[in-house]
Protein chains: 2
Amino acid sequence: MLGDLLSKSFVSANDVAQHAGVSRSAVSRTFTPGASVSEETRKRVMNSAQALGYHVNQLARGLMRSESGIVCLIVSEMDTPYRARLVRALTHELQKAGKVSMLINTDRSDGGVDSALRQTLSYRADASILLSGLPDKAITKLCLDSGQRIVLINRDDDISGPFHINLEDHQAAKIAVSAFLRAGCRSLAFVNSEVGTPSLMAREKGFHAAAAGLGLSVVTARHGNTVYESGRRAAHDLLTGLNRPDAVFCVNDLMALGFMDSARQDFGIRIPEDLCVIGFDDIEQAGWSSYALTTFAQPIDQIVQASLFWLGDVKDNQNVKSMTFNAPLVWRKTIRGNHQPIS
Amino acid sequence: MLGDLLSKSFVSANDVAQHAGVSRSAVSRTFTPGASVSEETRKRVMNSAQALGYHVNQLARGLMRSESGIVCLIVSEMDTPYRARLVRALTHELQKAGKVSMLINTDRSDGGVDSALRQTLSYRADASILLSGLPDKAITKLCLDSGQRIVLINRDDDISGPFHINLEDHQAAKIAVSAFLRAGCRSLAFVNSEVGTPSLMAREKGFHAAAAGLGLSVVTARHGNTVYESGRRAAHDLLTGLNRPDAVFCVNDLMALGFMDSARQDFGIRIPEDLCVIGFDDIEQAGWSSYALTTFAQPIDQIVQASLFWLGDVKDNQNVKSMTFNAPLVWRKTIRGNHQPIS
DNA sequence: ACGCATTTTGCAAGCGTGTGCAAAAGTTTC
DNA sequence: GAAACTTTTGCACACGCTTGCAAAATGCGT
C-alpha cells in the first residue's frame, strides 16, 4: 500500500512468497493445477496474492512450459458477416477452453499470411487457425515443426500437415440445382467473384456439373470480391440481355443480396415469381424480411467444435486429418413452390 | 538439417550465435532496432537466422523489456457490423504500429469485463481497448498501476485514469431533430434499446431536449438489445396506434433497418413519404439500396487514430484525458426534401 | 608508430516462472 | 516409539531474451 507512489509496477511470485512466508515454489505450485501443495499454504498464498494483486505472468509461464496458451486467428476482411460470426464463436469457445486468441489481420498488409505465421512463431502460439488466405508451404512446415497446430478453414486442401475443415460445397451446389429444377426453373445462372478460393470454385464446378447432368445450361458471371456491390454488378451483367435466367445461385449471401436489390430495383424483377435465388453462408441479413433469402447455412458450431478438437490431445488426432461438414439449406422465400428438404 | 526428426522444436538465439560464430549478445542486438552491431556481423547473424529458421521469442523479450507488444481488445457481440468494422480497423492499425492484438470476448462469459482485464494483466498487455462493458474501478486501477494504458470507446465517462473517446451524441440528436423539422415532420419518435449505455442514453436525452426546445413531442420505445429484431418490435409498438409518428430516430442502424422493414411490410408505410427515418453508425447495410438509410457515421478512422495516439509516448499525453468526435450525418433517402447539411 | 576517441563485442546478471530432486514434515503401522 | 511410507517444501537450475559494463577492436590525427 505504501509503495503505491513509485512501486515497481508488477508484483511477482517472489513478493507473494515473502508476504505469505513461504517459498516461491509454493506460490508457483498454488497456481499450477494439480501440483502438490497443502491446503493450508494454498490458502495463505491465495490470501497474499489477493492482497497484493498478484497475477501469474503468462509470458514467463509460457517460457517454461511448452505452451503459451495463445491461439492465433488469421483472417482478412473480418468485418464480413460470416467471418465476424466465426471469429466471435471461435474466441468464445477458445476462452472456455482456457486459451486466449490473438487476432491477426491480413487485410492488404505487407506479407499477408506469411508474415502472420511468422508472428505466430514469435509469440510461440500453440496453434493458428486460418480463415483467409493460403500460407507458404515452407512457413507452414516451420510452424508445424515447432509443434504448432494449424487449422485451415475452407482453404486449399493439398497442403499436408494442417488440419482441414471443409464444406460439402459440391453437394450443396447439387441441391441448389435440384431446388431450382423443382421450382420449374430452366435457365440457370451462377454468380461468383473473381477470388477463386477453392471452396468457391467447388461450388461453381459442382453447380455446372449438376446442371449439365440434367441437361440444363448455366451462364456464369464473375465480378470483384465476394461483396454486395459485386452482386449488383453481376445482376447488371446477367439481367440486361433478353434471355434472362430464371434462377441464380450466388456463391455467397452478400453477393446474393446485392443481386436481389439490383434485380428488383433496377430491373423490376419479382422474386421468387420471376427469379429464384439461393445464397450461401446464411448471414444474419439473409433472414431480414426484405430479403428472406433461401441459403445454405455455414455450420459455424461444427466448424468451431472441430477446430477445438484439433487443439486437444495429440493421441486422439493422429489419424484424422480433415473433416467435412454439410451446409444445410435454409428455406426462406426466394424459391417458389414447395419447400421440402431435398434428399 | 540432420536434427529434423527429433530436433528441439525451437531454435534459440544461442543456436544462431553458435552457427554464426558470434556471441549471443550479437544476435540479440541484431534483432534490436537501434542497437550497436557492425554491418558485417549483422549480415552473418541474419544469414544464420534465416538458415536455421530463427524467430525472436517475444515472450522472453517481453519478460525483459517493459512492453510485451500486446494490446487487448475487449469486446462483446463482435459480429455486430459496427463493432466488427472497428475491430478490423483497430487490428490493422495496431499491426502497422508494431503491436499485436489479443481479442477478448466478453459475450456472456463468466466475469465478463473484469476477468478480461485480469487476463490482460496476466499477459502483461501494454494497453487495453474496451469497446463493450464497463470495468470495475478496482481492477481498472490495478491495470493502470501496472503501467497499462486503457482506452474506453463510447463508455461511461466518470472513470478517471483511462482515456475516453466519445461522440457528440447530444449534438447529433439535435441535428436529427432539425432534419426532421425541415422535412415537415411534427410527430417524432425515438427508438432505443433497453441497454442503457451512456452514449445511447445521451442520444435519447439529446433528442428529447432538442424536440422540447422546439415544442415538438416525442414518443419513445425501448426494446431488448440494439438489434434488427428489436427495431421490428419497436415498429409494432409505435405504428399500431392511430396517431403514428411521421419521423423516427433510431439509436442504431440495426434497429433502424428492422424498423423500416416492419414499417413497410407490416404497415404499408412509405419511406420517406409517410415516415422519415434516421439511424446511427452508418453500417454497410445502411447503404444498401433497399434501405438507403440517412444516418450518422461513426468516425471510425478518427476513433482508431485517437486510440493509437494514446498508446504513443506518455509525455505527449499527459494533459489530454479524452477526445470527442463529431458523427457526421450521411444523407441518403429516408428523409424527404432537401439534403443540405445542417449547421 | 603512437595516443586517443569511437565503435563493436562478450560477459554476466537479471526478467518471472516451472519442476526435478532431495530433505523435511507428517502419517500410518506394528 | 521406531520404522516405513506418503505428502509437502525449498533449493537450484532452466527457459530465451535484454542490457550495463568493461574489454577488445577499429578509426583518426599527428
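Reminder, nothing fancy here: chain letters follow the sequence lines and each chain counts from 1.
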| request: Can you tell me which residue pairs pass the ring-ring contact (aromatic ring centres under 6.0 Å, His included) test with a partner in residues 45-70 of chain A, sequence neighbours excluded? | output: A/Phe31-A/Tyr54
| message | Between A/Lys99 and A/Asp126, does any NZ, NE, NH1 or NH2 come within less than 4.0 Å of an OD or OE carboxylate oxygen? | response | yes
| task | Would you indicate which nucleotide in C/dT19, C/dT17, C/dG10 comes nearest to any side-chain atom of B/Ala26? | result |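 Taking heavy atoms from C-beta onward, the closest nucleotide is C/dG10.
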| Nearest-neighbour nucleotide for the B/Val22 side chain, C/dT19, D/dG10, C/dG10 considered |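 Per side-chain heavy atoms of B/Val22, the pick is C/dG10.
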Whole Å only: how far is the [atom1] atom of [X] from the [atom2] atom of [N]?
| X | N | atom1 | atom2 | answer |
| --- | --- | --- | --- | --- |
| B/Asn57 | D/dC15 | CG | P | 12 Å |
| B/Leu121 | C/dG16 | CG | C1' | 15 Å |
| A/Arg61 | D/dG16 | CZ | P | 18 Å |
| B/Leu63 | C/dG18 | CG | P | 12 Å |
| A/Arg24 | D/dC11 | CZ | P | 10 Å |
| B/Asp15 | D/dC17 | CG | C1' | 13 Å |
| B/Met64 | C/dG14 | CE | C1' | 6 Å |
| A/Asn14 | C/dT17 | CG | C1' | 10 Å |

| request: Record whether the side chain of B/Arg124 comes under 3.5 Å of the base of C/dG16 through a donor-acceptor pair of N or O atoms. | output: no
Checking side-chain polar atoms at under 3.5 Å, does [X] have a donor or acceptor matched by the opposite partner on [Y]?
| X | Y | answer |
| --- | --- | --- |
| A/Gln95 | A/Ser101 | no |
| B/Gln58 | B/Ser68 | no |
| B/Ser48 | B/His19 | yes |

| task | Measure from the side-chain N and O atoms of A/Asn105 to the backbone N and O of A/Ser76, and report whether any donor-acceptor pair falls under 3.5 Å. | result | no
| said: Can you work out whether B/Thr41 or A/Val27 has the more 5'-proximal nearest nucleotide on DNA chain C? | reply: B/Thr41
[N], OP1 or OP2 - any side-chain N/O from [X] closer than 4.0 Å?
| X | N | answer |
| --- | --- | --- |
| A/Ser23 | D/dG10 | yes |
| A/Ser36 | D/dT8 | yes |
| B/Ser38 | C/dT9 | yes |
| B/Ser28 | D/dT18 | yes |

| query | Under 4.0 angstrom, heavy atoms only, what part of the nucleic acid is A/Tyr54 near: base, sugar-phosphate, or nothing? | reply |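 Contact class for A/Tyr54: sugar-phosphate only.
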| Reading 5' to 3' through nucleotides 20-25 of chain C, protein heavy-atom contacts under 4.0 Å coded B for base, S for sugar-phosphate only, - for none | B-----
| task | Could you list the residues that satisfy side-chain hydrogen bond (donor to acceptor under 3.5 Å, both in side chains) with A/Thr41, not counting sequence neighbours? | result |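 side-chain hydrogen bond (donor to acceptor under 3.5 Å, both in side chains) check on A/Thr41 returns A/Ser38.
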